[in-house]
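Shown next, in structure tokens, is the structure this report addresses.
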There are 2 protein chains.
Amino acid sequence: MRVNQLAKNLNITGDTVRFYTRIGLLSPAKSSVNGYKDYSDKDQSRMQFILSARNLGFSVDEIKVIFSRTDQGESACGLVRQMIQQKLEETEKQFEEMVKLRRKLSNAVEDWSHKPDKAPTGNMICHLIEGTYAESSQLEANREASMTPSLED
Amino acid sequence: MRVNQLAKNLNITGDTVRFYTRIGLLSPAKSSVNGYKDYSDKDQSRMQFILSARNLGFSVDEIKVIFSRTDQGESACGLVRQMIQQKLEETEKQFEEMVKLRRKLSNAVEDWSHKPDKAPTGNMICHLIEGTYAESSQLEANREASMTPSLED
DNA sequence: ATAAACCTGTGTGTTAGACACAGGTCAAGG
DNA sequence: CCTTGACCTGTGTCTAACACACAGGTTTAT
């Protein structure tokens, strides 16, 4: 079957199939008649596997590692169990980051509701944003204590 | 001051400063003696603003828009208030996605704990992953009802 | 003068595809 | 047989926000 047929079967775009072919995760035969790529049912299974793995947050490189095992007939299940455990931890961290960002944003909205607009000056672009904290920096270290409550975190 | 001095002042890398210079958000003078870029205090303020904005989740393109106003002496505060409101909504959506992913992952870990490892076959790479759901697809639509509880969502 | 240490700008790599595009292929119509 | 148009193909380039590599210039110490 050709690229767009496979794509349609799995409800994805031809570009996606081409991408995974380009990076070597799919290796279709080349039609001798017109040089078009000819995908087998196994290719479709592989593509389906890729989609499932991506859906769980696995990266392409991680999928490559999995294939490097299974393509030699070895089971990848042990490896996959390890990987997903690690992925769960990463996700937990990112989750915390999201929570922080969300709080930062709503704090800013709240805080700004009491402040007026201002025109920019030489070294002040928009006091609303500048009033928020941005990473520990030399500047911060040297800044005198402000009356404005910090939005950090 | 030169690139690395500015970087040190703000506790970032020289590469970061070079990046923002390259895309035109910073426009240092060129030293006539050696051609090195010469950053002013205003450049440092701009860089600090960029850091604060990035810290709130603003993209470089959004920062460009803000600068395009303030560089003409107009206040960007109104614009910024709008933008942050929108950003808060986007963050909310991403947050939901994180929650979903987290649940998917822990469901998988839980589910897999009852399943054995298996060697790959022609169209089965790792049954653990394949047992999870991956986007509504033609395949899914055609799949017979399984005894395995779906991990979707 | 010369060697070492440090600095600079620029080119390239990174994710996971999306988009553009020149050219090939195919069925219908003349 | 030829042509028109629709559809398809592979490949090159773009994305965000930097990080890294590297050849070559500069500064400092000897």
Side-chain angles (χ1 to χ4, degrees), chain A residues 1-39 43 46-67 87 90-91 94 97 101 134-135, chain B residues 1-39 43 46-47 49-67 87 90-91 94 97 101 134-135 137:
Chain A
M1 94 192 82
R2 294 184 301 188
V3 58
N4 273 341
Q5 183 56 51
L6 172 50
K8 207 168 296 176
N9 289 352
L10 298 181
N11 204 32
I12 55 182
T13 74
D15 278 328
T16 300
V17 178
R18 284 196 198 94
F19 170 69
Y20 287 105
T21 304
R22 186 143 37 166
I23 65 175
L25 287 190
L26 300 177
S27 307
K30 281 178 207 283
S31 161
S32 53
V33 49
N34 53 16
Y36 287 2
K37 278 154 186 163
D38 184 26
Y39 294 88
D43 288 319
R46 275 175 93 89
M47 189 64 231
Q48 178 63 49
F49 175 85
I50 292 170
L51 292 177
S52 299
R54 294 278 309 124
N55 187 246
L56 286 175
F58 284 85
S59 74
V60 168
D61 276 349
E62 289 169 327
I63 295 171
K64 273 186 190 172
V65 172
I66 296 174
F67 277 154
K87 197 148 292 302
E90 286 168 20
T91 303
Q94 290 175 34
E97 288 305 308
L101 177 59
E135 314 283 318
Chain B
M1 101 192 77
R2 294 183 301 187
V3 59
N4 274 339
Q5 183 56 52
L6 172 50
K8 206 169 296 178
N9 289 352
L10 298 181
N11 204 31
I12 56 183
T13 74
D15 279 327
T16 299
V17 178
R18 284 197 198 94
F19 169 69
Y20 288 105
T21 303
R22 189 149 27 171
I23 65 175
L25 287 191
L26 300 178
S27 308
K30 281 178 207 282
S31 160
S32 53
V33 50
N34 54 15
Y36 287 3
K37 278 153 187 162
D38 184 26
Y39 294 87
D43 288 318
R46 274 175 92 88
M47 188 65 232
F49 175 84
I50 292 170
L51 292 177
S52 299
R54 294 278 309 125
N55 187 247
L56 286 175
F58 284 85
S59 74
V60 169
D61 277 349
E62 289 169 325
I63 296 171
K64 274 185 189 172
V65 172
I66 295 173
F67 278 154
K87 196 148 293 302
E90 286 168 19
T91 302
Q94 290 174 35
E97 289 304 308
L101 178 59
E135 312 286 318
S137 67

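A note on names: the letters A, B, ... follow the listed sequences, proteins ahead of strands, and every chain is numbered from 1.
Residue B:Asp38 contributes atom CG, which lies 16 Å from atom P of C:dC7 at whole-angstrom precision. If you measure from atom NZ of A:Lys8 to atom P of D:dC7, you get 10 Å, rounded to the nearest angstrom. Distance CD1 (B:Ile12) to C1' (D:dA17): 13 Å, rounded to an integer number of Å. The distance between atom CG of B:Leu26 and atom P of D:dA17, rounded to the nearest whole Å, is 15 Å. The distance from atom NZ of A:Lys30 to atom P of D:dT9 is 13 Å, rounded to the nearest whole Å. The separation between B:Ile23 atom CD1 and C:dG9 atom P is 16 Å, rounded to whole Å. Rounded to whole Å, the distance from CG on A:Asn4 to C1' on D:dA6 is 13 Å. As rounded to whole Å, 13 Å separates atom C1' of C:dG17 from atom NZ of A:Lys64.
With contacts defined as side-chain heavy-atom distances shorter than 4.5 Å, the pair B:Arg46/B:Phe67 qualifies.
Applying the side chain to side chain contact (heavy atoms under 4.5 Å, CB included) criterion to A:Tyr20, with sequence neighbours excluded, gives A:Thr16, A:Ile23, A:Leu25, A:Leu26, A:Met47, A:Ile50, A:Arg54, A:Val60. Partners of A:Leu101 according to the side chain to side chain contact (heavy atoms under 4.5 Å, CB included) rule, which considers only residues two or more places apart in sequence or in another chain, are A:Leu105, B:Thr91.
Atom-to-atom distance recorded for A:Leu51:CG and A:Ile12:CD1 is 5.0 Å, nearest 0.5 angstrom. Atoms OH and CG, from A:Tyr36 and A:Asn4 in turn, are 11.0 Å apart once rounded to the nearest 0.5 Å. Distance check, rounded to the nearest 0.5 Å: OG1 of B:Thr13 to NZ of B:Lys8 gives 12.5 Å. The CD atom of B:Gln94 sits 12.5 Å away from the CD atom of A:Glu97 when rounded to the nearest 0.5 Å. Distance CD1/B:Ile66 to CG/B:Asp61: 11.5 Å, rounded to 0.5 Å.
An end-to-end axis angle of 50° holds for the helix from C:dA1-D:dT30 to C:dG30-D:dC1, taken from five base pairs per end and rounded to 10°.
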Taking N or O atoms only and anything under 3.5 Å, show me the protein contacts with nucleotides 20-26 of chain D, one pair per line.
| from | atom 1 | to | atom 2 | distance (Å) |
| --- | --- | --- | --- | --- |
| D:dC20 | N4 | B:Asp15 | OD1 | 3.4 |
| D:dT26 | O4' | B:Tyr36 | OH | 3.4 |

Every protein N/O within reach of nucleotides 14-16 of chain C N/O, cut-off under 3.5 Å:
| from | atom 1 | to | atom 2 | distance (Å) |
| --- | --- | --- | --- | --- |
| C:dT15 | OP1 | A:Asp61 | OD2 | 3.2 |
| C:dA16 | OP1 | A:Arg54 | NH1 | 3.4 |
| C:dA16 | OP2 | A:Val60 | N | 3.2 |

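Applying the salt bridge (charged side-chain N to carboxylate O under 4.0 Å, His left out) definition to pairs two or more places apart or across chains, none involves residues 25-38 of chain A.
Using a 4.0 Å cut-off between charged nitrogen and carboxylate oxygen, B:Arg18 and B:Asp15 count as a salt-bridge pair.
Contact check, A:Thr13 against C:dA18: a side-chain N or O comes under 4.0 Å of OP1 or OP2. Taking only side-chain nitrogens and oxygens, B:Lys37 comes nearer than 4.0 Å to OP1 or OP2 of C:dT10.
Closest of all the heavy-atom pairs between A:Gly14 and A:Ala7 is N-CB, 3.7 Å.
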